[in-house]
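One-based numbering along the sequence shown. No experiment lies behind these values; they were computed from the predicted model shown.
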Amino acid sequence: MKKDKRSEAAATDAVAAKKTAVVQSGKPKTDKSAGKIQPEKMTIYEYEEKYVKRQNTKGATFLLRLIVALVGVFFVWCFFSVSKEIWNLNEYAGYAAAGVSVVLFIVVYITPVVKIFKSDYFITNVNYKTAGAAKRKNRKLRYDIATRIVDLCNTVAGVGWYDSLTVEKLEAGVKYRDDEVIKEQLTALYGGSVKRSARDVIFKCSMKAAMYSALSQESKIDSMLVATVNLQMIKDIVFLYGFRPSDSRLLKIFAAVVRNSLIAYGLGGLQLGNGIARTVGDAAKGIPFLGSVISVIVDSSVQGLANGTLSAVIGYQTIKYLNTEYKLQNILDGVEVGETEEELAETCDDIEKELRKRSKRNGAIPV
């Protein structure tokens with residue numbers, strides 16, 4: 001009963017908030033009650049000029065799949081090398097290690113990658129031809145994200161990732177399929193509790209990468225552990241937000257995972273000194289929980305701290321891309337795309353009028 005009352009109150013608040021919201025329109029309108037002129041909507045041409053970057057989408061998707069496959073090959077090579085070393089010591093132990101390796105490969109690589117790619121993404125790189133379809137697709141994705149968050153909070157006790165009051169208002173938006181309420185509450189979540197929860201995920205995964213690297217004495221295992229933690233972190237952040245970055249941005253994230261693994265592999269065989277520590281410290285500027293201390297620590301733990309910092313960079317990069325694309329789809333949702341048909345009709349009328357004028361001057365019979 002208490003929950004029903006809270007839901008009804010949330011629904012009332014959401015509807016009231018919607019009534020007081022300023023609704024944009026394609027042309028300036030005068031608010032009779034307030035005597036104010038509402039601003040014009042951005043046109044699709046203005047959106048293209050300001051936000052759209054020309055990209056080879058098919059090329060980015062192909063490269064993304066290629067990098068993901070290379071990461072998979074790297075995991076297979078690492079597991080095979082470890083199993084072979086164990087087999088050289090004991091044949092039966094080697095067979096057991098191979099079996100365990102297959103299970104671990106599925107758990108640490110296949111599962112995170114499949115979950116990341118199963119998540120949908122917002123379409124923001126559009127033109128006047130694709131803007132309408134993109135807006136409809138983005139609206140459906142917002143509804144799906146809101147539904148998943150509401151269902152998760154209702155079925156799993158003590159989730160703690162999302163603000164309960166905001167989720168109750170979000171539930172009202174889902175119930176009445178009110179897109180404005182859904183957008184408003186998702187924006188509140190991404191700017192508040194989701195952001196804090198994502199930072200917790202980054203901190204925990206970065207510390208795991210640092211500790212595993214410090215404990216590991218084998219370069220292959222070290223690099224594989226770093227890649228494993230990075231993939232898990234990306235998967236958790238994507239699950240938290242409910243959507244993933246687009247292929248072009250996900251390509252950069254996976255490229256960073258490959259970079260981290262290669263650095264982890266190389267650092268395992270190096271004697272780290274002041275120069276490397278200082279370089280890592282410079283790269284870590286802006287990472288609040290590691291950047292301030294890395295540049296002054298020069299001991300055996302620098303390798304772990306370096307890998308932890310690079311993992312944190314990937315985490316913050318993922319959050320940045322997700323927030324950017326969510327903001328862009330919000331902007332796109334307010335873009336006026338219907339003007340293109342009106343402009344086409346206007347142009348056709350002008351052409352017809354001009355042809356009729358010319359026909360009259362030339363003595364031809366207008367068609």
Side-chain angles (χ1 to χ4, degrees), residues 63-89 94 97-98 100-116 201-237 250-273 275-277 279-281 283-284 287 290 294 297 299-318:
L63 287 176
L64 175 61
R65 267 54 176 184
L66 179 62
I67 287 182
V68 170
L70 290 175
V71 173
V73 170
F74 169 73
F75 270 92
V76 170
W77 174 71
C78 288
F79 282 123
F80 175 78
S81 299
V82 173
S83 298
K84 185 178 179 182
E85 290 177 5
I86 296 175
W87 187 84
N88 289 333
L89 297 175
V100 172
S101 296
V102 172
V103 175
L104 287 176
F105 178 73
I106 295 173
V107 172
V108 303
Y109 174 74
I110 298 294
T111 301
V113 168
V114 168
K115 287 186 176 181
I116 291 170
V201 170
I202 293 173
F203 179 80
K204 291 175 182 177
C205 290
S206 298
M207 291 305 298
K208 284 181 183 179
M211 290 187 293
Y212 293 162
S213 300
L215 294 174
S216 174
Q217 300 298 317
E218 175 65 36
S219 296
K220 290 189 291 290
I221 296 177
D222 189 25
S223 56
M224 187 172 61
L225 287 172
V226 169
T228 298
V229 172
N230 287 175
L231 288 176
Q232 184 68 37
M233 177 176 62
I234 296 167
K235 175 186 72 70
D236 289 346
I237 293 174
L250 198 59
L251 170 63
K252 296 178 182 179
I253 294 172
F254 271 88
V257 172
V258 174
R259 177 205 64 196
N260 285 9
S261 299
L262 293 175
I263 290 176
Y265 185 84
L267 289 179
L270 290 176
Q271 295 294 326
L272 297 174
I276 294 178
T279 301
V280 174
I287 308 300
L290 289 176
I294 278 186
I297 297 179
D299 55 21
S300 60
S301 64
V302 170
Q303 180 183 343
L305 288 167
N307 291 331
T309 300
L310 293 172
S311 297
V313 171
I314 287 182
Y316 279 103
Q317 184 181 21
T318 304

Discussion item. Show the nearest heavy-atom pair for residues K220 and S81, with the distance to one decimal.
Written reply: CE-CB, 3.5 Å

Discussion item. In the structure I gave you, are the side-chain heavy atoms of Y109 and L104 within less than 4.5 Å of one another anywhere?
Written reply: no

Discussion item. With side chain to side chain donor-acceptor pair (under 3.5 Å) as the criterion, how do S311 and S206 come out once you've worked through the C-alpha distance, each side chain's angles and the decisive distance to 0.1 Å?
Written reply: CA-CA 5 Å; S311 297; S206 298; 5.4 Å; no

Worksheet item: In terms of ring plane angle, is the pair F105 and F79 parallel, tilted or perpendicular, where the classes change at 30° and 60°?
Response: perpendicular

Worksheet item: So, do F254 and L70 sit near enough that their side-chain heavy atoms are less than 4.5 Å apart?
Response: no

Practice prompt. Report the distance from atom CG of N260 to atom OG of S223, rounding to the nearest 0.5 Å.
Written response: 11.0 Å

Practice prompt. Kindly compute the distance separating CZ (F80) from OG (S101), expressed to the nearest 0.5 Å.
Written response: 10.5 Å

Discussion item. Is the shortest side-chain heavy-atom distance between N307 and D222 below 4.5 Å?
Written reply: yes

Discussion item. Less than 4.5 Å apart, side chain to side chain, heavy atoms only: is that true for T318 and I202?
Written reply: no

Worksheet item: How far does CG of L63 sit from NZ of K252, to the nearest 0.5 angstrom?
Response: 12.5 Å

Worksheet entry | V108 side chain reached by L231 side chain, heavy atoms, under 4.5 Å | no

Worksheet item: Do you know which two heavy atoms are closest between I67 and V258, and how far apart they sit?
Response: CG2-CG2, 3.8 Å

Worksheet entry | Steps toward side-chain contact (heavy atoms from CB on, under 4.5 Å) verdict (I253, L250) | CA-CA 5 Å; I253 294 172; L250 198 59; 4.3 Å; yes

Worksheet, complete the sentence: Rounding to 0.5 Å, atoms OG1 (T111) and CD (Q232) come to a distance of 9.0 Å

Fill in: Which residues share a side-chain hydrogen bond (donor to acceptor under 3.5 Å, both in side chains) with K208, sequence neighbours left out
none

Fill in: Intermediate values then yes/no, side-chain contact (heavy atoms from CB on, under 4.5 Å), V71 and V113
CA-CA 10 Å; V71 173; V113 168; over 6 Å; no

Worksheet item: Taking all atoms of both residues into account, what is the closest heavy-atom pair of M224 and C78, and its distance?
Response: SD-CB, 3.5 Å

Fill in: Min side-chain heavy-atom separation I234-I237 under 4.5 Å
no

Discussion item. Show the nearest heavy-atom pair for residues I86 and A97, with the distance to one decimal.
Written reply: CD1-CB, 3.7 Å

Discussion item. Counting only heavy atoms from other residues, nucleotides and ligands, does the tally under 6.0 Å from NZ of K204 exceed 12?
Written reply: no

Response to the item:
So OG1 of T228 and CZ of F75: to nearest 0.5 Å the spacing works out to 3.5 Å

Worksheet item: When rounded to the nearest 0.5 angstrom, what distance separates CG in N230 from SG in C205?
Response: 8.5 Å

